[in-house]
Asker: 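Dropping a structure here in structure tokens format, bear with me for questions.
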Amino acid sequence: MEYNMRIQTKIINGILLLALEESRLDCRLAVDFKDKVSELVADGSRLIIFDMSAVDFIDSSGIGCLVTCLKLLGPKGKIAIWGLKKPVEAIFKLTRMDRVFKLCSTEEQALQAVLN
Amino acid sequence: MHILVVEDTLLARIMLERSISKWGYQVSSVSNSHDALQILQREPIQFVITDWIMPGGDGASLCRNIRAMNLPYYIYIILVTGMDSDESAIEGLDAGADDFIRKPIQLNELHARIRAGERVLALEKSLQDRNIQLVDLSNNLLAVQDVINRDLHTAAKMQQQLLPASSLNYLNVSIDWLFCPSTVVSGDIFNFFRLDETHVGFYSLDVAGHGVTAAMMSFTLFRLLTTEMQRGSPLKRPIDEAPYYKIVSPATVMEILNSQFQTNAESWLYFTMVYGMVDTNAKTIELSQAGHPNPIYIAQNEPARFIGNGGFPIGLIDDAEYDSIILSYCPGDRLVLYSDGITECADIHGEMFGCEKLLEFLENNRSLSIQEVSKALNELMRLWRGSEEVFEDDVSMLIMEIG
């Protein structure tokens, strides 16, 4: 079933900051998530920061969503993610996504990470 | 439209009949409610204009009797009441009349009220037609759904038949398993097979998402992951010298699959997997992990433990590299592969089962046979989930014991 996901958007110096207001990032959200991000990316942003501090659970579909975002951004794109809770971080490690995304502990660090 | 006039006074009846037929309606008329009910039983008349006071039953009781007939169509009733008779109007409307008109009847007013009634009947008719269409449509949909359901159940049976027989034993390695699809068909699949005289292969995989799309992908992968080289199996490669094949290492198998199943805009299907093999000559197990939960190893005289350091899911990252883990085994050692449907299974409070609980369960039940273990795990998972609830994600577990 499709689901309308809650996400808060702001742009600072051309960097797209997305705060996920969902406790679960799983296959219910996959379609909507991809649509929302492709819309935002169409506006030209190539640097994205995800605030995942509200997310308690992510499954392989959720991981897939994040990778889609990265693919949508193209070769110049960068994604930093901050605010990972323990179980979410464990899934990132299990799927080696800690090597694909820049994982940070604060928004500040994340901003630095995409700019470098 | 056919209108029935119920009026005991002859003069008034004739006056009404004439006017109504002049307006282009078909008219019948009777002088009392008894005759009115008889004609309504016989003929499909949908419009009644009745007097309030008549010998042998007043207009209100006629209204009630008409409503009690339960005809398959609606009858619109206009009640003709006396001058200043508000109470009879209220009583008549309560009894089931749709409208009323006061005596002396103004003909143009009556005509307007008949037209209003006609509109109501037309609306009622269109609603009824729409209803019939909806019932037809929903019957058709139910029939289609029925066909889909039957197909799904056939597919589920086919999927169950793909699974290795439980209590299968190759080269002294025996298995048992647990398989509970969350919908009829599953995106989880696993297998166990002989690669050659000294190697046994095994895998557990989970296509992201569940339901039909994931299941079709799992069917495809099952067909591909065989030992038949003529089908282009990634597990064995033909070579020019004896024995004319080479067993592909698990990490290389993952790399081949990853390049073959890269996701793109059209196809967004990827999966997590553990693939491995037992080498009965070298007494080793070699396996590679692609985003799948860490396997659990239960060595004799050692606590159960997780193995593996993770790995990229297959199909997500171009040119991803995968590692192989090699373990030496002793007879009696066990290896357990499972999908995240087990560890992420939530109880009624939303608490996840978790991998630690699975490890603990396997440790505590190490003295049971592998068949007893999978049976006990099935019971434990259902208890955790709550007996009536279906699983939210596909649940699968493969347990192997090396003899």
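Convention: sequence-line order gives letters A, B, ...; per-chain numbering from 1. As a basis for the values below, the full set of heavy atoms in this structure was taken, side chains included, without hydrogen atoms, waters or symmetry mates. As the structure is a computational prediction, the values presented were derived from the model and not from experiment.
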Asker: Should the heavy atoms of other residues, nucleotides or ligands under 6.0 Å from CE of B:M352 be counted, would the total exceed 12?
Answerer: yes

Asker: Closest heavy-atom contact between B:M381 and B:C345?
Answerer: CE-CB, 3.7 Å

Asker: Using non-hydrogen atoms and a 4.5 Å limit, figure out which bit of A:L70 sits close to chain B: side chain, backbone, both or neither.
Answerer: neither

Asker: Could you pull out all residues at least two apart from B:F202 that satisfy ring pair (Phe, Tyr, Trp, His ring centres under 6.0 Å)?
Answerer: none

Asker: Could you tell me which of B:G310, B:A290, B:G315, B:G311 has the largest number of non-hydrogen atom pairs under 4.5 Å with chain A?
Answerer: B:G311

Asker: Taking all atoms of both residues into account, what is the closest heavy-atom pair of A:A80 and A:C104, and its distance?
Answerer: CB-SG, 4.4 Å

Asker: Which atom pair, heavy atoms only, marks the closest approach of B:F361 to B:V373?
Answerer: CZ-O, 3.6 Å

Asker: Classify the angle between the aromatic ring planes of A:F50 and A:F33 as parallel (below 30°), tilted (30 to 60°) or perpendicular (above 60°).
Answerer: parallel

Asker: Could you show, one pair per line, the donor-acceptor contacts under 3.5 Å between chain B and chain A?
Answerer:
from	atom 1	to	atom 2	distance (Å)
B:Q262	OE1	A:K71	NZ	3.3
B:T263	OG1	A:K71	NZ	3.2
B:Y270	OH	A:S60	O	2.6
B:Y270	OH	A:S61	O	3.4
B:Y270	OH	A:G64	N	3.3
B:N309	O	A:R96	NH2	3.3
B:G310	O	A:R96	NH2	3.1
B:G311	N	A:L94	O	2.8
B:L316	O	A:K71	NZ	2.8
B:D323	OD2	A:R96	NH1	3.3
B:D323	OD2	A:R96	NH2	2.9

Asker: Give the minimum heavy-atom separation between A:C69 and A:V37, together with the two atoms involved.
Answerer: SG-CG1, 3.6 Å

